[in-house]
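All ligand and atom numbering here is 1-based and tracks the order in the structure. Basis for what follows: all heavy atoms, side chains included, without hydrogens, waters or symmetry-related copies. Everything quoted here is computed from the prediction, not taken from an experiment.
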Amino acid sequence: MKQLKTLLPAALLTFCAALPSLSSAADLTISCGAVGAELQLCKEAVEAWSKQTGHNVEVVSTPNSATERLSFYQQILSAQSADIDIIQIDMVWPGMLANHLMDLREVLAADATQGYFQSQVDNATVNGRLVTMPWFTDSGLLYYRKDLLDKYNKPVPQTWEEMTSTAREVQQAERNAGNPNMWGYLFQGRAYEGLTCNALEWISSQPEGGLVDPQGEILINRQASRTALTLAKSWVGDISPRGVLNYTEEEGRGVFQSGNALFMRNWPYVWALVQNQDSAVKDKVGVAPLPKGGTAGTHASTLGGWGLAVSRYSANPKLAAQLVTYLTSARQQKHRALAGGYNPVIESLYQDPELLKAMPYYSQLQGILNDGVMRPASITAERYPRVSNAFFDRVHGVLAGELPVDQALAELESELTRIKRRNW
Ligand code: GLC
């Protein structure tokens with residue numbers, strides 16, 4: 001623990017301070033996410049496994065921001081620390097963290113990934129090594145208030161332009177009707193990985209839009225990006241609060257769930273929470289594909305998701321693999337979907353009648369996943385964080401009104417070209 005503290009930047013020390021027993025007598029330590037019901041579900045499942053097996057497991061929570069989580073793990077892994085055995089890995093990290101992670105094929109049963117979506121297994125495999133066990137999948141969704149669209153006789157918006165004008169109109173009408181706190185649209189606008197996901201959707205939904213294509217070609221300095229970013233900038237301070245510039249997933253969800261927003265872009269986990277007994281918007285929410293970039297554009301939804309990996313520096317990799325097997329089992333995936341809205345990565349669960357009943361948007365999910373956009377993590381591998389940071393920093397500058405769109409795109413193009421050098 002002492003060693004960890006000297007390694008971690010100040011912001012992350014708060015997390016370690018809250019975890020005084022990192023180097024305790026636990027047989028295993030697992031680090032889980034804490035967005036939505038994640039931490040609670042992780043703790044409950046770990047406890048159940050502990051009871052069954054008699055092993056003592058420490059659960060370590062992490063920052064909500066995926067970018068902060070990554071630096072936390074990078075510090076721990078580059079110090080080759082044995083303090084954390086199991087790490088929850090974002091689907092854009094396998095390429096960059098592979099060297100620090102075990103090949104799970106060496107410790108898991110031979111059929112461990114049977115029935116999993118092949119794309120998930122492929123994404124988790126780096127140079128033939130299965131470095132993470134896929135756990136749940138994410139895709140960007142448009143949450144909307146059914147009751148308010150009905151009240152103002154508006155359809156679910158099909159384009160970003162339509163979303164903007166509906167949001168503006170309903171926001172104003174609701175404010176006039178006595179809710180001064182009403183907002184039209186919420187999204188993840190902090191300078192972090194979540195903004196990369198949002199901005200990639202805006203840009204990819206425009207004709208010929210993109211950041212870096214799967215072959216590694218840099219696409220960003222195009223009209224598609226100009227149109228998308230100009231529109232997004234117009235939202236801030238108009239249909240989105242200025243505070244959105246500091247929102248991750250949970251800040252926006254809080255505002256939406258208290259009844260103060262018409263539209264929100266967020267991940268599937270939000271469904272379980274807005275439908276909770278204590279939610280102010282229970283039964284008033286609908287889910288739709290994100291709008292298209294104009295009528296000639298397409299619906300684009302950034303694909304996300306997380307897996308469980310075992311650190312190469314774990315003193316107990318076999319035991320760690322047993323816990324990973326338990327947590328990623330079909331039973332657990334179904335439970336996590338029902339209780340927390342974390343979408344399974346085992347194909348057959350999408351035919352499960354109980355799940356289909358509880359998740360009315362599953363029927364649309366296939367289409368949304370088909371329109372899924374991958375972040376360029378495979379092609380850029382260990383350079384991906386630099387690519388994403390360059391992207392979200394420039395986009396944030398534009399949204400904050402500090403950087404003209406044209407300048408942001410030109411700067412981004414040269415920075416990506418520098419990062420790329422000859423090849424990624
Ligand atoms: C979600 C996604 C993850 C993404 C993150 C960004 O957790 O599953 O892939 O990186 O959001 O905030």
| said: Ring-plane angle category for W235 and Y185, please: parallel below 30°, perpendicular beyond 60°, tilted otherwise. | reply: perpendicular

Identify all N/O pairs between ligand 1 and the protein with a separation under 3.5 Å and present them as a table of atom names and distances.
unit_1: ligand 1; atom_1: 7 (O); unit_2: W306; atom_2: NE1; d: 2.9
unit_1: ligand 1; atom_1: 8 (O); unit_2: D138; atom_2: OD2; d: 2.4
unit_1: ligand 1; atom_1: 8 (O); unit_2: G305; atom_2: N; d: 2.8
unit_1: ligand 1; atom_1: 8 (O); unit_2: W306; atom_2: NE1; d: 3.1
unit_1: ligand 1; atom_1: 9 (O); unit_2: D90; atom_2: OD1; d: 2.7
unit_1: ligand 1; atom_1: 9 (O); unit_2: G305; atom_2: N; d: 3.2
unit_1: ligand 1; atom_1: 9 (O); unit_2: R375; atom_2: NH2; d: 2.8
unit_1: ligand 1; atom_1: 10 (O); unit_2: D90; atom_2: OD2; d: 2.5
unit_1: ligand 1; atom_1: 10 (O); unit_2: R375; atom_2: NH1; d: 2.8
unit_1: ligand 1; atom_1: 11 (O); unit_2: E249; atom_2: OE2; d: 3.4
unit_1: ligand 1; atom_1: 11 (O); unit_2: W267; atom_2: NE1; d: 3.1
unit_1: ligand 1; atom_1: 12 (O); unit_2: E249; atom_2: OE2; d: 2.6

| query | Do any N or O atoms from the side chain of W160 and from the backbone of P291 form a donor-acceptor pair under 3.5 angstrom? | reply | yes

| message | Keeping S234 on the side-chain end and L231 on the backbone end, is there a donor-acceptor pair under 3.5 Å? | response | yes

| Would you say the side chains of E162 and T166 form a donor-acceptor pair under 3.5 Å? | no

| field | Results of disulfide (SG to SG under 2.5 Å) for C197 - residues two or more places apart only | value | none

| said: So F256 and N266, do their side chains get closer than 4.5 Å, heavy atoms only? | reply: no

